[in-house]
Q: 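Provided herewith is a single structure, encoded as structure tokens, for subsequent inquiry.
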Amino acid sequence: MSDFSRLEEKLTKLRGRERTPGEPRKLRGSDAAERLAAFVTEIDETILPRRLTLTVDDTPWHFAIANRRLQALLAPAIGDAAALAGKPLPDAEDPSVPALAKVLREAFAGAETIHISAVRLTSPFPSDVGVPAPMLARVWNVSSTERAEVPPEERMRSFLSALGRDALAWLRIDGEEVAEQGGDAARVGRMAEQAAVFLDGYFGKFDSLFPDPAQSCVTVVSPGIGEAPSVLFVEYGEASAFIATPTTNVARLAMAWQRMVTE
Amino acid sequence: MTVSEALDAMRSDLPGCSLVAYTDLSSRLVLSTSSVVKPMQEQLDALSQAAQIALDGTLADGAAPVWDDEAAGEPARTALLLTESEARVILRAGGTSAEALVCVCTPDSDLAAVIARGQAALDDILAAA
């Protein structure tokens with residue numbers, strides 16, 4: 001049994017408890033066009049039938065997505081969108097396709113935040129019904145559906161490799177596995193058990209610590225004493241890291257990670 | 001300076017700070033607030049609960065083994081809870097006090113500045129007590 005097997009077993013259990021179907025995350029983009037493009041990207045990456053929900057500020061919009069196609073806006077919908085809800089989109093030429101873009105652009109334009117979540121859907125439509133994402137991008141006149149994002153594990157590796165002496169020790173965690181370790185060997189040896197205890201409390205109280213649907217990305221707990229070690233837990237998607245760092249560094253490192261994941 | 005005045009002064013000094021709350025960790029009650037928009041009671045309850053978990057609850061218990069001899073036996077005094085949409089900075093009001101200050105600000109806030117300003121506000125509050 002490796003040094004990390006106990007931590008990994010615990011992570012498997014805890015991650016299972018943390019992640020629930022339909023967990024929301026933020027839709028990228030700062031204006032209506034970018035948000036519409038990000039929505040098309042989500043459609044392009046969805047193969048199995050899903051009920052995809054965009055929560056635009058407090059208003060939910062539900063969609064049937066399958067086979068990388070937008071199949072329909074689902075009821076209930078409000079305002080001008082109500083007339084479009086529940087009707088399958090037969091092809092890109094149908095007038096409801098640009099009409100849907102219009103109401104979405106209007107909703108996205110004034111929104112402060114948009115969260116996206118997806119749950120399994122027993123689709124009421126055949127899999128060939130709907131408008132494929134590339135065609136949707138063309139009709140909706142959004143620039144690209146290419147995801148230029150750096151994978152979470154690459155961001156994490158880059159962040160950890162730049163830490164140098166700012167960290168006393170760290171464990172990089174991909175999903176439920178400890179993928180890499182760094183820093184003082186004696187401290188690293190103790191960290192698996194320490195991380196298991198910390199993450200037990202973290203995941204156990206996750207909903208109370210982060211009650212709003214935005215994705216958590218940094219958690220720091222510190223004794224607030226000069227060079228005494230503090231805990232810095234950073235995460236992004238499936239990538240996370242448990243870091244011990246001198247208290248004097250925690251604010252700077254937390255900000256650096258925050259910038260890295262929100263840029 | 002009253003608690004309320006100290007919280008108002010802190011908030012006005014920090015760009016992007018929307019809410020500062022002074023809370024009792026043991027009872028999980030918010031004692032005083034300063035905010036841009038009057039907060040819902042549910043929001044205050046959630047803030048004080050998160051502060052309690054982070055400084056006196058399971059999160060603090062889980063972090064303490066990492067602190068080594070230098071801070072062995074010391075309570076958690078600072079916690080940061082950051083999401084894509086906000087940053088919450090939680091500071092214990094000195095020593096082993098059961099009171100804490102919670103600051104809610106934008107995610108791009110200068111956290112070191114928020115911590116320093118929060119500690120100054122706590123000094124003002126404790127000096128007036």
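In what follows, every chain begins at residue 1, and chains take the letters A, B, ... in the order their sequences are listed. It should be emphasised that the depicted structure is a prediction, and the values quoted were computed from it without experimental measurement.
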Q: Give every donor-acceptor pair under 3.5 Å between a side-chain atom in residues 159-172 of chain A and any protein atom, sequence neighbours left out.
A:
unit_1	atom_1	unit_2	atom_2	d
A:S161	OG	A:R157	O	3.2
A:S161	OG	A:S158	O	3.0
A:D166	OD1	A:R252	NH2	3.3
A:D166	OD2	A:R252	NH1	3.0
A:R172	NE	A:E180	OE1	2.9
A:R172	NH1	A:D174	OD1	3.2
A:R172	NH1	A:D174	OD2	2.9
A:R172	NH2	A:E180	OE1	3.3

Q: Could you pull out the closest heavy-atom pair between A:V197 and B:G62, with the gap in Å?
A: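 Smallest interatomic distance, heavy atoms only, reads CG1-CA, 3.8 Å.
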Q: Does B:D68 reach the side chain of A:R190, with side-chain heavy atoms less than 4.5 Å apart?
A: yes
Q: For the candidates A:G201, A:S230, A:G224, A:S208, which exhibits the highest count of non-hydrogen atom pairs separated by less than 4.5 Å from chain B?
A: A:S208
Q: May I ask you to name which of B:T58, B:L82, B:D108 has the most heavy-atom pairs under 4.5 Å with chain A?
A: B:L82
Q: Please tell me if the side chains of A:T219 and B:L59 come closer than 4.5 Å, counting only heavy atoms from C-beta onward.
A: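 A side-chain contact under 4.5 Å exists here.
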Q: Taking the side chain as C-beta and beyond, is there a heavy-atom pair between B:W67 and A:I225 under 4.5 Å?
A: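 No, every pair of side-chain atoms sits at 4.5 Å or beyond.
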Q: Output the distance between atom NZ (A:K205) and atom CD1 (B:I53), rounded to the nearest 0.5 Å.
A: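 Going from the NZ atom of A:K205 to the CD1 atom of B:I53 covers 5.5 Å.
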Q: Write down the atom of A:M255, the atom of B:L111, and the distance for their closest heavy-atom approach.
A: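 Taking every non-hydrogen atom into account, SD-N, 3.2 Å.
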Q: Measure the spacing between CD1 of B:I90 and OG of A:S222 and express it to the nearest 0.5 Å.
A: 12.5 Å
Q: Within residues 21-51 of chain B, which positions have a heavy-atom distance to chain A below 4.5 Å?
A: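 Within residues 21-51 of chain B, the residues under 4.5 Å from chain A are B:A46, B:Q49, B:A50.
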Q: Which one, B:A54, B:A112, B:P107, leads in non-hydrogen pairs under 4.5 Å with chain A?
A: B:P107
Q: Looking at every heavy atom in both A:A251 and B:L80, which two are closest together, and how far apart are they?
A: CA-CD1, 4.4 Å
Q: Can you confirm whether A:E177 is buried at CD, in the sense that more than 12 heavy atoms of other residues, nucleotides or ligands lie under 6.0 Å from that atom?
A: no
Q: Counting C-beta onward and ignoring hydrogens, is there a side-chain heavy-atom pair between A:F210 and B:R88 closer than 4.5 Å?
A: yes
Q: Holding to side-chain hydrogen bond (donor to acceptor under 3.5 Å, both in side chains), I want the full list of residues that pass it with A:R50, two or more places apart in sequence or in another chain.
A: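 By the side-chain hydrogen bond (donor to acceptor under 3.5 Å, both in side chains) rule, A:R50 matches no residue at all.
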Q: Nearest 0.5 Å, what's the OG1-CG distance between B:T83 and A:L209?
A: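 The OG1 atom of B:T83 sits 12.0 Å away from the CG atom of A:L209.
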Q: I'd like to know if the side chain of A:Q194 and the backbone of B:P65 have a donor-acceptor N/O pair within less than 3.5 Å.
A: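 Yes, the answer is positive, given that a donor and an acceptor are paired below the 3.5 Å cut-off.
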Q: Drop me the distance from A:H115's NE2 to B:S85's OG, to the nearest 0.5 angstrom.
A: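 If we round to the nearest 0.5 Å, A:H115:NE2 and B:S85:OG are 5.5 Å apart.
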Q: To check you understand the geometry: which heavy-atom pair defines the closest contact between B:A76 and A:V221, and what is its length?
A: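 So the minimum-distance heavy-atom pair works out to CB-CG1, 3.7 Å.
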Q: With a 4.5 angstrom heavy-atom cut-off, which part of A:E227 approaches chain B: side chain, backbone, both or neither?
A: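 Contact with chain B: backbone and side chain both.
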Q: Filter on side chain to side chain donor-acceptor pair (under 3.5 Å), then keep only pairs touching residues 114-129 of chain B, sequence neighbours left out; what's left?
A: B:D13-B:R117
Q: Please classify the contact between B:D69 and chain A as side chain, backbone, both or neither, with a heavy-atom cut-off of under 4.5 Å.
A: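 For B:D69, there is no contact with chain A at all, as no heavy atom is under 4.5 Å.
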Q: For A:F242 and B:V66: C-alpha separation, side-chain torsions, deciding distance, then whether side chain to side chain contact (heavy atoms under 4.5 Å, CB included) applies.
A: CA-CA 11 Å; A:F242 183 80; B:V66 177; 4.0 Å; yes
